[in-house]
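Residue numbers begin at 1 in each chain, while the letters A, B, ... track the order of the sequences. We use all heavy atoms of the structure for the numbers below, so side chains are in, but hydrogens, waters and symmetry mates are not.
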Amino acid sequence: MKTYLEFLARCFRLSFVGDWRYYTWMFALTAIALLGLNAYCRQLVDGLATTGMTDQVSWGMYIANFTYLVGMAAAAVMLVIPVYIYRRHELHDLVIFGELLAVAVIFMCLAFVTVDLGRPDRFMHLFLRLNFPVSMLSWDVIVLNVYLLLNLHICGYLIYCAYRRKKPARAFYIPFVFIAIVWAFSIHTVTAFLYVGLGSRPFWNSAIIAPRFLASAFAAGPAFIILTLQVIRRFTGYRITDEALRILKGIVTVALTINMFLLGCELFVEFYTGSTHAVSMHYLFFGLHGYDALVPWIWTAVALNSAALVVLYTPASRRIWVMDLACVAMIVGIWIEKGMGLIVPAFIPSPLGEVVEYLPTWNETLVCLGIWAAGLLVYTILVRVTVPVLKGDLVHEEAATGTDRVARSADRTQSARVEGAPGSA
Amino acid sequence: MTERTVDRRNFLRASLGAAGGMAAFAAAVSPLKDFDTSDLTLEGFLQKHYKEMTPEDKEQALERIRKEVEERYAVRPELRDLPPIDGVEFGYALNLGRCIGCRRCVHACVEENNQSRDPEIQYIRVLELPRGSIDVERSDHHYDDREVPNPDSFYMPVQCHQCANPPCVKVCPVEATWREADGVVVVDYDWCIGCRYCAAACPYFARRFNYAEPEIPKERLNPNMNYLSNRPRKKGVMEKCHFCLQRTRAGRMPACLEVCPVGARQFGNLLDPESNVSQILKTKQIFVLKQEAGTLPRFFYYFD
């Protein structure tokens, strides 16, 4: 216990140590997070009237970001599956970064639903009278929190073992890794069912939404991980091979292809049938009665995703920077497509045929930016303390003195990392 | 010696950082000084879900609300918790052939049910539709009611349909809304967490959210109040039409019906075969809005 507290204290101290680039990055994130907190305090005082939401469009940017991020969290399994099921060893030592990302992102998801509540002070009611299993939102509360715990346990256990130079006991984490794989699918499926289950919203009431969610998540998530891994490689010198990035690129390419195909299926059904069901889709892509706030956005998304797809299939994408460009394009494209592009049109027109558009206010935009900054802050700190532990630079003193003290030789670092990384057993 | 200087410098740097951080944090949360804490009482925080309250708990809650209303509006309210009447299931029938679209029902409802006046919350939405169509996509919600009825149009008021299979109740994550024994879907304003999932689920655009703190001028407050219906709400919670429970459970008619100048509105007990509403269901051409949604409304439209 004492050792564990000491470990946490050392990690805490370590999170304040870095070069000027680290300080600049952390300072900028903290500043944005505080701006967001300030905006949220204003929202607490004046109510959700500080947002652009109305009775007609009762969910906006908060829920859009939430939806996107649930997919990001689920995407951690796209690192886990190749390692644990297909035995792709290049990714062994990297799985933990995916799981840490899941932790940070679930934290952001929970923050986004919390800021969306009119009465956050009553969150206790979720424990006292959760409408389970009838309400899909109650399912979501459960699956998201369990997923957070699963990932916290897996990462925390493996990192702590590496710190103590102990071999992780398989029984303590392998079962959880497999549960987490299934669970990752569940978080995004349940989040899709949240929308799909509403008969009054034809735009959502389609069985293809859940598969589309998963496909877009498994494109945008690993794309984000490809970029993060390169940042980690550059700033920490942690060994990450180009081969590992290419495996992820393969996953991203397939997932994006499936996503575009499913979108095509949906567009065909809606527009070819020509029933009144297509009216929200019409609003999204072409505008309705002269209202067209989302039209430029969705076409931007379509352009970005199509461009990314084409690039990924051409040989040019073997070059890392080209692949990175495609990743950025699809991260943004999918953020538009399944964020605002999926949430807002479902409310337009209203069930009584009224067209009221949604435009986020500055205040709610600041809250969103603040949560993104806070999430990145959490992820940076997690990676900041994990890398030295896995590299063997931060170890428990007894563990360090107990074995040969040639510590920090390249050899040593290697073995510590292999021990510490999931899947090494 | 050098070590000590370094230590001191580090210490100074750390304290400066900590102080700067605290100051920035304090500045960030400074808007909270305007926070209205009157709604954050321990009593309110510990209050149980309506269905879990004992009669004593209820009396305590009612007394707390009476005091709060008195403090805020300087009116001692007649606040009760009327139970559903045995053998009664309320139903509403609206004669589309008669409605002239004057919106008197909309305003009578606001007066009766203590909705916020700024911003004004209305439970009833009257649609102006071109003759020959009941496609709501073609409706006009913002027609000028000084020039009604327009001979080329007919009018369709929509409010909560008190569905027997209510999607809003199904989705609520904390059971803050439910269907009472007399068929009325109610909200416990002290239990709602304000997630607005019910608003997304409703096919009739019947739910209204308090995006801002409701404002009601003191002299406009209706002191005849009921716990599950028209007592004043706070910001951040959902509300909706409840067939004027404070009236109808005491044997009176809803405010929207009483004010209707053309008698387009009929209200009564569906379980009583002799009631007005039961007779209309038996003898007139009736329909429900969005039957395909499977919500089984207790609000019917008919023609003469």
Side-chain angles (χ1 to χ4, degrees), chain A residues 16 30-31 33-51 53-56 58-59 113 116-126 128-132 134-138 140-141 194-195 197-201 204 276 279 346-347 349-354, chain B residues 14 17 21 24-25 27-32 34-36 40 45 48-49 52 119 121 125 127 135-139 141-142 158 167 170-176 191-197 199-205 207-213 234-238 290 292-295:
Chain A
F16 288 97
T30 310
L34 285 176
L35 277 177
L37 179 66
N38 183 258
Y40 181 56
C41 288
R42 252 173 284 149
Q43 179 187 308
L44 279 178
V45 172
D46 296 332
L48 284 158
T50 52
T51 71
M53 290 185 278
T54 51
D55 278 320
Q56 286 82 0
S58 51
W59 279 343
V113 270
D116 189 62
L117 293 183
R119 294 302 302 253
D121 55 309
R122 293 182 181 165
F123 77 98
M124 278 301 289
H125 295 180
L126 285 168
L128 297 174
R129 225 184 149 90
L130 189 67
N131 188 9
F132 184 82
V134 178
S135 168
M136 287 322 290
L137 203 50
S138 70
D140 222 18
V141 169
L194 207 70
Y195 309 113
L198 302 181
S200 61
R201 308 278 170 192
W204 286 336
T276 49
V279 67
F347 294 96
S350 83
L352 296 185
E354 190 185 7
Chain B
F25 182 79
V29 298
S30 64
L32 289 181
D34 298 326
F35 192 82
D36 176 16
L40 286 181
F45 187 71
K48 290 185 198 144
H49 186 275
E52 287 169 10
I121 289 182
R125 190 47 84 92
L127 277 55
D135 178 7
V136 293
E137 304 281 332
R138 300 181 60 195
S139 64
H141 291 235
H142 305 284
V158 184
K170 205 155 75 176
V171 300
C172 177
V174 293
E175 293 182 53
W191 198 258
C192 172
I193 59 172
C195 71
R196 307 185 301 293
Y197 197 10
C202 175
Y204 304 105
F205 184 53
R207 291 194 163 245
R208 298 291 181 275
F209 187 70
N210 287 282
Y211 284 93
E213 186 64 34
K234 296 280 168 58
K235 75 165 183 286
V237 299
M238 196 57 79
K290 304 201 184 198
E292 73 280 8
T295 52

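- Between chain A and the residues E137(B), E213(B), E292(B), H141(B), the largest count of heavy-atom pairs under 4.5 Å involves H141(B).
- Each of M238(B), K235(B), H142(B) has some count of heavy-atom pairs under 4.5 Å with chain A, and the biggest count is that of K235(B).
- Neither the backbone nor the side chain of D36(B) comes within less than 4.5 Å of any heavy atom in chain A.
- Here the CZ-CG distance, from F25(B) to N38(A), works out to 11.0 Å after rounding to the nearest 0.5 Å.
- Heavy-atom distances place the backbone of R207(B), and not its side chain, under 4.5 Å from chain A.
- With a threshold of 4.5 angstrom between heavy atoms, A176(B) does not approach chain A through any atom at all.
- The CG atom of L130(A) sits 8.5 Å away from the CD atom of E175(B) when rounded to the nearest 0.5 Å.
- Counting heavy atoms from C-beta on, the side chains of L48(A) and R196(B) come closer than 4.5 Å.
- Considering NE2 of H125(A) and SG of C192(B), their distance stands at 10.0 Å, rounded to 0.5 Å.
- Heavy atoms of I193(B) lying under 4.5 Å from chain A belong to its backbone as well as its side chain.
- When every heavy atom of C195(B) is checked against every heavy atom of L117(A), the shortest pair comes out as CB-CD2, 3.6 Å.
- Within the 4.5 angstrom heavy-atom criterion, atoms from both the backbone and the side chain of L194(A) approach chain B.
- Highest contact tally toward chain B, considering only G197(A), P120(A), A49(A), is held by A49(A) [criterion: heavy-atom pairs under 4.5 Å].
- Considering every non-hydrogen atom in both S200(A) and A200(B), the closest pair reads OG-O, 3.3 Å.
- Per-residue heavy-atom pair counts under 4.5 Å with chain B were compared for L126(A), T30(A), L35(A), and the maximum is reached by L126(A).
- In this structure, the portions of M53(A) lying under 4.5 Å from any heavy atom of chain B include both its backbone and its side chain.
- Neither the backbone nor the side chain of K48(B) comes within contact range of chain A; no heavy atom of the residue lies under 4.5 Å from a heavy atom of that chain.
- Both the backbone and the side chain of D116(A) come within contact range of chain B, each with at least one heavy atom under 4.5 Å from a heavy atom of that chain.
- Interface remark: R201(A) contributes side-chain atoms only to the contact with chain B (heavy atom separation under 4.5 Å).
- Only the side chain of L40(B) comes within contact range of chain A, with heavy atoms under 4.5 Å apart.
- Heavy-atom pairs under 4.5 Å with chain A peak, among V237(B), D34(B), V174(B), N210(B), at V174(B).
- Using a distance-only test at 3.5 Å, with no hydrogens or angles considered, no donor-acceptor pair links the side chain of S138(A) to the main chain of P173(B).
- Per-residue heavy-atom pair counts under 4.5 Å with chain A were compared for C172(B), G294(B), P167(B), and the maximum is reached by C172(B).
- Contact annotation: the side chain of Y197(B) approaches that of S135(A) to within less than 4.5 Å [non-hydrogen atoms, C-beta and beyond].
- In terms of heavy-atom pairs under 4.5 angstrom with chain B, the leader among V134(A), L352(A), V45(A), L34(A) is L352(A).
- Only the side chain of L198(A) comes within contact range of chain B, with heavy atoms under 4.5 Å apart.
- Looking at V141(A), neither its backbone nor its side chain comes within 4.5 Å of chain B, counting heavy atoms on both sides.
- Of the listed residues W191(B), Y204(B), F205(B), F209(B), the one with more heavy-atom pairs under 4.5 angstrom with chain A than any other is W191(B).
- Interface remark: A212(B) contributes backbone and side-chain atoms alike to the contact with chain A (heavy atom separation under 4.5 Å).
- The choice from K290(B), K234(B), R138(B) that makes the most heavy-atom pairs within less than 4.5 Å of chain A is K290(B).
- Contact check for V171(B) versus L137(A): no side-chain heavy atoms found under the 4.5 Å cut-off.
- Neither the backbone nor the side chain of T50(A) comes within contact range of chain B; no heavy atoms are under 4.5 Å apart.
- Every residue two or more places apart in sequence or in another chain was checked for a ring-ring contact (aromatic ring centres under 6.0 Å, His included) with F45(B), and none qualifies.
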